[in-house]
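Beneath this line is the structure, given in structure tokens, with notes to follow.
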Amino acid sequence: MYEHDVLIIGGGLAGLRAAVEVTSAGADVAVISKVHPVRSHSNAAQGGINAPLTDRGDEWEGHAYDTIKGSDFLADQDAVEVMSSEAGEAVLELERMGVIFSRGEDGKLGTRAFGGQKVARTFFVGAITGSAILHVLFEQSLKLGLNVYEEWFVTKLIIEDGVCRGVVAIDLKSGEIHTIRAKAVIMAAGGAGRVFEPSTNALICTGDGLSLAYRAGVPLMDMEMIQYHPTTLARTGILMSEAARGEGAYLLNASGERFMEKTAPDYMELASRDVVSRAEQTEIDEGRGIDGNVLLDLRHLGRSYIEAKLGYLQEVSVEFLGIDMAEQPVPVQPGMHYIMGGIKTDVNGATNVPGLYAAGECANVSVHGANRLGANSLLDTVVFGRRSGVHAVEYIKGVGAHSKTEEDLASETARLQALLDRPKGERVATIRDDMARGMTKGIGVFRDQTSMEGALTNLKNVKSRMGGFSIENKGKVFNTDLMFGLELEFMIDCADAVVAGALTRKESRGAHFRTDITERDDENWLKHTLMYQDDEADNGVRVETSDVKITQWEPVKRVY
Amino acid sequence: MADTKQETMHVKLKVKRYDPADSGGKTWWQEYEVDIHPDSTVLDSLIEVREQNDGTLAMRCACRASICGSCGMKVNGSAKLVCKTRVVDIAPNGEQMTIEPMGNQHVVKDLVISLDTFFSQIKRVEPFLQPDHVPAQGEYIVSNSSMENLLTSMNCIMCGCCVSDCTVLEVDANFIGPAALAKAWRFTEDPRDGKRDERLKMLNDEDGGMWDCTRCMKCVDVCPKGVAPMDRIMELREAAIEAGNTNTPGYHHTESFYKSVKKNGRLDETRLAIDSAGWTNLPRLLDLAPIGIAAMRKGKLPPLMPHKSEDNQKVKDLYKSVEDES
């Protein structure tokens, strides 16, 4: 039996930032994660973190507006105001903790340009910004003596009388299942990229946190908003940071034309990600690509510049494709990268279930709306990670003693045993691949009624097979085979919500681009989609909508 | 993916298995064969095994892009991050590849090692910024080059390959290890840190500290991220000496080496051993006695009077030119 004031699920940037806050407030906190914190997917963020620093002539309203325009006016403007106005201090605080941000001549933090913004306000460490920040937050966790349940896999949230009171989790190293009680739980378990194939996301990004909250009665919001990153490496699907274009790289078609001129003459390669991905896909679909790719050309930047500022990209390009970026353009294509949708929270990370908070990619505050700006995801994690920590500490002051029930432990133990006891059936990976390929096919860069209905039909077929997969590994120690089965169940929940949201939204907005309804419809669809798990509803998902919060920026046509 | 080529490659693997639950822990070798895309990595082939062949195989992997550090293992005897190791580079003609868990760390199951060894080493170097003063607002003002310098160490993804293949850790589990020392360097070189001297003294004085590295280069060879831990350790040594930490066997060893080659053009091994121990350090000198006797019995004892090289003027010239340069 384990007990903590606050339990944080996930050891990435949002989770560790929340943990630093809760520890500093003197509360007893623990982090639980299915991987060691430094293995978290925050590592993969390359290009940087946005912040409008007023002492160098920027202003938070400018960043807020770029974010809202980038979101195609689906972001809640009160939430964006919070993020933008707290951004400067959030980044400076990371620097003071030890992050080795790049500097200007004056020794102060320097910036690079990023997409969807005319002001260069992206702070960075080479092309390893996420990793460099994650490792520093991990250093801080060691300094603070943070308690971490490393390689523990959460299978269920404990909800009593509508209040979140802890979790049930498997210690992967021993295979034992335990209850961990907490007065508040902060979900910071990352995204759900593996619902799609291919994806830039790590194999661990299986939507666990989204599904756990969804099963506990929390709505998943705007799940149809899937970001396809414009530059993923041909064949491998590995992310090639937007920093390449931020530093001046061109996108070329087979004839060597900078095709962004046609769709974004002002911003060119640095238009919003959804805009660039659609332009690339159009080139490819209309026969101006090269084997399903376009070219990312950095040659004019020169070898020394590439190696100093984009070393990791050069490493990946050489080692995975054998291409020296200083000599040759790199073939890239749009690839599933990020999920704007997620667990609906307020600006303090609170969900509709008391005691349950969420932050980072699994959450939807909403600051990214229909399309996230590059370098806003790291910002989101630290700003709302911190805020959820602050508010969880406030919340637990009004919570009495820990609950004592063992019902969830017993029911989860029985559920997992039943999975292990299944007769030999289909492989988890086979079902997973069928689901994920169907999702990419139906909910892609471009989508229409037919493709989305195809995704739904495929998903229903996949779900009908879910009772028939089996777990080959019957052992206890490090049984990842069992974990992959449970992850697939989580991914199916996320896929349900994505498809339901996509079929509901009868307009094109940001990443949700329908070739059968190509215009944005502010009159009817300046709204969030809210997906609730509901056995009574079609395919088990009930969809509601809510109005977008507009504070000071009226929606206008989005032009780059 | 638009890649429609159906071409595949036949991959043969021999994997070291371990199951702690099997009557007190059983180790065995298991062979697998899979057909995958010709550009695949070793990790791709192991995932194919795990997903389509044998769900009981345990290993760690996450990002597939050499940034999370999960998938360190031994391939044909040498530690590698398997997500960035292409099969064609290891087995160009379809040879069988041998896959084992990393070394110098306790095996949990199959290819999964315990992270405790690695992270307990990291914790020994107090791996967090310890500034003398924190700016009340804004950031520390430091040069860009001082931050870019630290990138070498911040590129470390804590995969543990260097710890796996470290030849010192193989015989001395108390060595702080290459990764932790490279991490320590990241703080001694950080102009924002206020504990440089204390850190250098600790790493200099501590048993298992910076002087225990034997410069075998293994960590430099196997590091998949160019951290070159041994180079960082050598920089720590120089910094420690410059900071006045000269009363250690490590420093005496270095100094004796330097003087003897300068004087004779050759290494005086007898004197090196005694100098390193310290002429007045009786316990350490007594420790050397059995080694000396064993060496004598085998006819391996170095001469008591050093040989001089025939023309040590060239060596002296070399010393002079290097010293003039620095």
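Quick note on labels: first sequence line is chain A, next is B, and so on, each numbered from 1. Reckoned from all heavy atoms, side chains included, excluding hydrogens, waters and symmetry mates. In this text the structure is predicted, and so the values were computed from the model without any measurement.
- Counting heavy-atom pairs closer than 4.5 Å to chain A, the top-ranked of the candidates B:Asn53, B:Thr41, B:Ile122 is B:Asn53.
- Among A:Ile128, A:Asp106, A:Ile204, the residue making the largest number of heavy-atom pairs under 4.5 Å with chain B is A:Ile128.
- With respect to B:Lys225 and A:Glu315, a salt bridge is recorded, a charged nitrogen being found less than 4.0 Å from a carboxylate O.
- The most heavy-atom pairs under 4.5 Å with chain A, out of B:Thr85, B:Leu57, B:Asp54, B:Asp110, come from B:Asp54.
- Counting heavy atoms from C-beta on, the side chains of B:Met147 and A:Phe101 never come closer than 4.5 Å.
- Interface remark: B:Val108 contributes backbone and side-chain atoms alike to the contact with chain A (heavy atom separation under 4.5 Å).
- Using a distance-only test at 3.5 Å, with no hydrogens or angles considered, no donor-acceptor pair links the side chain of A:Gln140 to the main chain of B:Phe128.
- Counting only distance, with no hydrogens or angles, the side chain of A:Arg103 and the backbone of B:Ser143 share no donor-acceptor pair below 3.5 Å.
- Ion pair A:Glu151/B:Arg60 flagged as a salt bridge, since at least one NZ, NE, NH1 or NH2 atom sits closer than 4.0 Å to an Asp/Glu carboxylate oxygen.
- Ion pairing of A:Glu95 with B:Arg192 is present here, as a side-chain N (NZ or NE/NH1/NH2) and a carboxylate O approach within less than 4.0 Å.
- For chain A, the option among B:Ile141, B:Val134, B:Asp44, B:Asp19 with the highest count of heavy-atom pairs below 4.5 Å is B:Ile141.
- Looking at A:Arg39, its side chain does come within 3.5 Å of a backbone N or O of B:Gly69 through a donor-acceptor pair.
- Annotation: maximal heavy-atom pairing with chain A below 4.5 Å, among B:Arg64, B:Met154, B:Arg86, occurs at B:Arg64.
- When each of B:Gln52, B:Glu126, B:Glu148 is scored by its heavy-atom pairs under 4.5 Å with chain A, the top score falls to B:Gln52.
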- Message: As a quick check of understanding, evaluate side chain to side chain contact (heavy atoms under 4.5 Å, CB included) for A:Val35 and B:Ser70, giving each step before the final call.
- Response: CA-CA 9 Å; A:Val35 294; B:Ser70 300; 5.8 Å; no
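- For the pair B:Pro127/A:Phe138, no side-chain contact is recorded, criterion being any heavy-atom separation below 4.5 Å from C-beta on.
- The distance from the CD atom of B:Glu139 to the CG atom of A:Asp55 is 6.5 Å, given to the nearest 0.5 Å.
- The candidate from B:Pro131, B:Pro135, B:Ser145 with the greatest count of non-hydrogen atom pairs under 4.5 Å with chain A is B:Pro135.
- For the atom pair CZ (B:Arg50) and OG1 (A:Thr480), the distance works out to 5.0 Å, reported to the nearest 0.5 Å.
- A salt bridge links A:Arg432 to B:Glu51: one of the charged nitrogens lies within less than 4.0 Å of a carboxylate oxygen.
- Nearest heavy atoms, B:Gly55 versus A:Asn473: O-CB, 3.7 Å.
- For the atom pair A:Phe320 CZ and B:Lys84 NZ, the distance stands at 7.0 Å (nearest 0.5 Å).
- Note that OG1 of A:Thr236 and NE2 of B:His37 are 11.0 Å apart. Values are rounded to the nearest 0.5 Å.
- Between B:Lys123 and A:Leu142, the closest side-chain pair of non-hydrogen atoms falls below 4.5 Å.
- Considering every non-hydrogen atom in both A:Leu203 and B:Cys61, the closest pair reads CD1-SG, 3.8 Å.
- The two residues B:Cys68 and A:Asn43 make their nearest non-hydrogen contact at CA-ND2, 3.5 Å.
- Taking the six-membered ring for Trp and thresholds of 30 and 60 degrees, A:His36 and B:Phe119 have nearly parallel ring planes, at less than 30 degrees apart.
- Separating the CD1 atom in B:Ile157 from the OG atom in A:Ser131 is a distance of 7.5 Å, to the nearest 0.5 Å.
- Atom CD1 of residue A:Ile100 and atom CG of residue B:Leu151 lie 4.0 Å apart, to the nearest 0.5 angstrom.
- Salt-bridge annotation for B:Arg186 and A:Glu139: present, with a side-chain N of the basic residue lying under 4.0 Å from a carboxylate O of the acidic one.
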